[in-house]
There are 2 protein chains.
Amino acid sequence: MKKNEVRQALVDTASRLFYTQGYNNTGINQIIEESGVVKSTMYQNIKSKEELLLIYLQTAGEQTNEALEAAAAKGKTPKQKVLAVFDYLEELVKRKDYYGCQFLNIVSEMPRDARQVRKQIKKQKDGVRALFARILEPIDKADLADEIYTLFEGALIANKVHGDAWPVVTARNIVNKII
Amino acid sequence: MKKNEVRQALVDTASRLFYTQGYNNTGINQIIEESGVVKSTMYQNIKSKEELLLIYLQTAGEQTNEALEAAAAKGKTPKQKVLAVFDYLEELVKRKDYYGCQFLNIVSEMPRDARQVRKQIKKQKDGVRALFARILEPIDKADLADEIYTLFEGALIANKVHGDAWPVVTARNIVNKII
């Protein structure tokens with residue numbers, strides 16, 4: 001494997017394992033084994049499991065932002081744009097390979113002193129708040145952005161608890177009432 | 001230590017460690033060491049780390065239910081009772097020793113096949129939905145219970161992400177609008 005292939009193999013394997021079995025459940029040895037990378041070459045490419053976690057969150061963050069922007073673009077009015085984001089969430093949580101929001105999964109695993117990871121997750125979620133504020137600004141309702149965001153998070157975590165899409169539908173109903 | 005003291009020491013230590021550092025971050029050896037229990041006596045009292053987790057969730061569940069009932073009892077009208085639950089949440093998340101909802105912390109750590117644990121967490125949260133339904137039934141608004149519940153979860157998980165009480169205040173504002 002070339003240097004960039006080694007790095008990519010490590011990132012891909014770590015990302016899959018962190019998502020499906022959790023960060024603390026995943027040992028660095030499992031990542032090395034399943035990525036097919038020679039152990040001694042790993043540390044030339046990646047410093048630690050935490051570095052892989054930060055790359056995972058960064059990549060998942062970019063993909064999520066793109067998906068949310070694309071979903072919002074389907075609506076015509078600001079209200080329709082916000083509702084379109086919740087339609088996307090409903091579709092997302094029904095996917096067979098979906099097992100919760102990557103960022104909420106990780107934040108619950110982190111001890112209080114995992115500052116860098118917690119900071120990155122907060123930044124990602126601040127981006128969602130900003131997206132709703134941007135959508136609602138033209139109708140002078142940007143002050144609702146954090147309410148919509150709190151519903152967004154409620155939908156995702158209650159879906160995780162109940163293993164069902166009803167919390168997303170419920171959150172969408174409230175959004176429909178308050179905008 | 002007597003038999004019931006051994007069991008209690010294990011449960012207390014495990015509960016503290018599961019809450020402050022997470023379930024997967026806590027090894028059975030750390031629980032034994034910090035509880036001061038002799039290793040060979042442990043397995044006469046507790047079968048596994050998962051058994052300790054189920055006891056932890058059960059105990060935390062009973063305490064949470066009592067606290068939520070007590071909070072609701074402070075309100076006179078159904079609407080005031082629901083708002084009083086959110087006032088309690090605001091107070092709760094501001095405590096120095098608070099580090100997220102016990103049940104949401106654990107659910108995010110669990111792999112898909114941890115059926116018994118996930119079932120117990122779902123049961124706990126179904127109790128919260130039922131509490132809101134009971135409160136709202138006299139004014140014929142029990143159909144709002146799941147909306148209130150989704151806001152309850154959104155408040156708790158967004159507090160975890162942002163390390164701030166504003167999501168609870170935001171959720172309370174929505175509750176105030178929709179009842």
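Values reported hereafter were calculated over all heavy atoms of this structure, with side chains retained and with hydrogens, waters and symmetry mates removed. All chains are named by letter (A, B, ...) in the order of the sequence lines, taking the proteins before the strands, and each is independently numbered beginning at 1.
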* Report yes or no: do A:Tyr43 and A:Val38 belong to one cluster of Ile/Leu/Val/Met/Phe/Trp/Tyr joined by side chain heavy-atom distances under 4.5 Å? => no
* Are B:Phe132 and A:Val169 linked, directly or through other ILVMFWY residues, by side chains that come within less than 4.5 angstrom of each other? -> no
* Specify whether A:His162 and B:Tyr149 have parallel, tilted or perpendicular ring planes, treating 30° as the upper limit for parallel and 60° as the lower limit for perpendicular. => perpendicular
Using non-hydrogen atoms and a 4.5 Å limit, figure out which bit of [X] sits close to chain B: side chain, backbone, both or neither.
X	answer
A:Arg172	neither
A:Leu156	neither
A:Lys122	both

* To do: With a 4.5 Å cut-off on heavy-atom pairs, point out which of A:Asn173, A:Asp126, A:Leu144 contacts chain B the most.
  => A:Asp126
* Structure fact -> Most heavy-atom pairs under 4.5 Å with chain A, out of B:Asp146, B:Asp113, B:Val107, belong to B:Asp146
* Relative to chain A, which of B:Lys125, B:Glu153, B:Glu109, B:Arg112 shows the most heavy atom pairs under 4.5 Å? -> B:Arg112
Using a 6.0 Å cut-off, check whether atom [atom1] of [X] has over 12 heavy atoms from anything other than its own residue.
X	atom1	answer
B:Asp143	CG	yes
A:Arg95	CZ	yes
B:Gln116	CD	no

* To do: Please report the C-alpha distance between B:Val161 and A:Phe103 in whole Å, then the side-chain angles of each, then the deciding distance to 0.1 Å, and finally whether the side chain to side chain contact (heavy atoms under 4.5 Å, CB included) criterion is met.
  => CA-CA 9 Å; B:Val161 169; A:Phe103 315 100; over 6 Å; no
Which atom pairs, one a donor and one an acceptor, fall under 3.5 Å between side chains of residues 69-76 of chain A and the rest of the protein, sequence neighbours left out?
{"from": "A:Glu69", "atom 1": "OE2", "to": "A:Arg134", "atom 2": "NH2", "distance (Å)": "2.8"}

* Structure fact -> Closest heavy-atom pair, A:Ala171 versus B:Thr150, reported as atoms and distance to 0.1 Å, is CB-CG2, 4.2 Å
* **Heavy-atom pair of closest approach, residues A:Tyr99 and B:Met110** => OH-O, 2.6 Å
* Roughly how far, to the nearest 0.5 Å, is the CG atom of A:Leu151 from the CD1 atom of B:Ile174? -> 4.5 Å
* Non-hydrogen side-chain atoms of A:Ile106 and B:Ser108 separated by less than 4.5 Å -> no
* Using non-hydrogen atoms and a 4.5 Å limit, figure out which bit of B:Lys160 sits close to chain A: side chain, backbone, both or neither. => both
* To do: Tell me, with the steps shown, if B:Glu147 and A:Lys177 meet side chain to side chain contact (heavy atoms under 4.5 Å, CB included).
  => CA-CA 11 Å; B:Glu147 297 191 5; A:Lys177 280 195 251 187; 2.8 Å; yes
* Structure fact -> residues 18-28 of chain A vs chain B, non-hydrogen distance cutoff under 4.5 Å, contacting residues -> A:Asn24, A:Asn25
